[in-house]
Amino acid sequence: MDILPQISSLSGELLSWYDRHHRDLPWRISPPMAARGIRPDPYHIWLSEVMLQQTTVPAVKAYFAKFLKRWPTVRDLATAPTDDVMAAWAGLGYYARARNLKKCAEAVAAEHGGQFPETEDGLRALPGIGDYTAAAVAAIAFNRQVAVMDGNVERVISRLYAIATPLPAAKPLMKQKVALLTPADRPGDFAQAMMDLGATICTPKRPACSLCPFNNACEALRLHDPEHFPVKAAKKERPVRQGAAFVAVNGDGEIYLRRRIASGLLGGMTEVPTTGWTARIDGETSATAAPFPADWQVAGTVTHVFTHFELRLSIYRAQVASKIASNDGWWEPVTNLEAQALPTVMKKAIAQAIPRAFSKASTYISGHNS
DNA sequence: CAGGCGTGGCC
DNA sequence: TGGCCAAGCCT
């Protein structure tokens, strides 16, 4: 008995499921549209894929619309000021993505005539495009028969074959399985179908196996334990760091801001002056670490959770009579803060000191001060 | 390869 | 309510 018919049957079942249950997304050409000959815009696919790296669909939608309206083509993005791109990305997180997004747009404009490369290897060579994004753009935008594997696909495949090897060691085997399933016809839809399946049916908790097109073949379901897969290495605990942030306002209603260095945590983003963020030390962080002398008043505490540590920031506020001479920052009208490249942790710090600084103040104020 | 790198929503 | 998670990339 030949095994190929069964494999093609699985991908056929999935595509049939996708035709009926695909999600409608702003960057996606749905099967009915594709049937009318509409092709995806590679710029839209690339932009959405970068935004979706480690980020949820609901969080991405507004940013995707904003970027497309402001920079309709990759050439527009290539010529945009980097500061504008960083400010537009503010709040979405993982800011290296924004820096690389700009670099990638410049490379496409300058080295590829404004057209994205159509091959996985060509895409993979661009800044911010790794194995997943290269395969996703090649498959979805250019209909290339390549294996696309993200976190969703890993979950689906690990369950379908009950792969007990922990991630990330199991990735090569899992990618091999994906490659065997990927059809020559509609590889882009197949990739999107696998991700939709993982996002809506084969979910991390309480998967809806009764609705799954693979439920007749799924080894993890046969073992009555789909949630057991994928197996992952144990996570490390998150350390606590602490520091202080200083919010100074002058008589003209301006706040003192600085630019962070281009690399590392929140690289290239805007901040209020802060101390270093060090391992927690018992005792109060004092105002003696302020960027310049002023009547610094305690304004409370802000807690912010990053991926690899938790930050507790003591907030200090000062009203200053005149603009302190400074060589590393600038004074910005408080009324213009929404246009700045302020990451969420900095908006929290500013909102703690100046509750009316942002229109969505409650978004940034926890209510637990000290 | 393992660690650095954000944020908001969910149960 | 706090731990967990979400379409990864880079070094």
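Letters A, B, ... are given to chains in the order of the sequence lines, protein chains preceding strands, and every chain is numbered from 1. Computed over heavy atoms, backbone and side chain alike; hydrogens, waters and symmetry mates excluded. Note that the coordinates shown come from a computational prediction; the quantities given were computed from them, not determined experimentally.
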- Task: Please state how far atom CG in A/Leu197 lies from atom P in C/dA6, giving the value in whole angstrom units.
- Result: 14 Å
- Message: Go nucleotide by nucleotide along DNA chain C from the 5' end; which of A/Arg23 and A/Ile129 gets its closest nucleotide reached first?
- Response: A/Arg23
- Message: Just the rounded figure in Å: distance from C1' of C/dC4 to CD of A/Glu227.
- Response: 13 Å
- Message: Across nucleotides 6-11 of chain B, 5' to 3', mark each nucleotide with B, S or - according to how protein heavy atoms within less than 4.0 Å reach it.
- Response: BBS---
- Message: So A/Pro127, base contact, sugar-phosphate only, or nothing? Heavy-atom distance under 4.0 Å.
- Response: sugar-phosphate
- Task: Send over the distance from A/Lys236 NZ to C/dC4 C1', rounded to a whole Å.
- Result: 19 Å
- Of A/Ile140 and A/Arg124, the one whose closest nucleotide on DNA chain C sits nearer the 5' end is A/Ile140
- Message: Taking only the P atom of each, what is the distance from C/dA6 to B/dC5 in whole angstrom?
- Response: 22 Å
- Message: Which residue in the set A/Tyr63, A/Tyr94, A/Phe67, A/Trp71 passes ring-ring contact (aromatic ring centres under 6.0 Å, His included) when paired with A/Trp89?
- Response: A/Phe67
- Task: Output yes when at least one side-chain N/O atom of A/His308 is less than 4.0 Å from OP1 or OP2 of B/dG3, else no.
- Result: no
- Message: What I want to check is whether the side chains of A/Asn336 and A/Glu338 have a donor and an acceptor closer together than 3.5 Å.
- Response: no
- Task: Check the distance between C/dC9's C1' and A/Tyr132's OH and give it to me in whole angstrom.
- Result: 13 Å
- Item | Spacing of A/Lys232 atom NZ relative to C/dC4 atom P, expressed in whole Å | 11 Å
- Query: Just checking A/Trp27: base, sugar-phosphate only, or nothing, at a heavy-atom cut-off of under 4.0 Å?
  - Reply: base
- Message: Taking the basic N atoms (NZ, or NE/NH1/NH2) and the acidic carboxylate oxygens, is any pair closer than 4.0 Å for A/Asp225 and A/Arg159?
- Response: no
- Message: What contact category does A/Leu101 fall into here, base, sugar-phosphate, or nothing, at under 4.0 angstrom with non-hydrogen atoms?
- Response: nothing
- Query: Atom CD of A/Glu310 to atom C1' of C/dC4: distance rounded to whole Å?
  - Reply: 14 Å
- Item | Separation of atom CD in A/Glu49 from atom P in C/dG8, rounded to whole Å | 9 Å
- Ring centers of A/His304, A/Phe306 separated by less than 6.0 Å: yes
- Establish, from distance only, whether the side-chain atoms of A/Tyr256 and A/Asp328 form a donor-acceptor pair under 3.5 Å. yes
- Task: For nucleotides C/dC9 and B/dG8, find the distance between their P atoms and express it as a whole number of Å.
- Result: 22 Å
- Assign A/Thr133 to base, sugar-phosphate, or nothing according to its heavy-atom contacts below 4.0 angstrom with the strands shown. sugar-phosphate
- Between A/Glu310 and A/Arg241, is the closest basic N to carboxylate O distance under 4.0 Å? no
- Query: What is the distance, rounded to the nearest whole Å, between atom CG of A/Asp131 and atom C1' of C/dC10?
  - Reply: 12 Å
- Around atom CZ of A/Arg206, are there more than 12 heavy atoms of other residues, nucleotides or ligands at under 6.0 Å? no
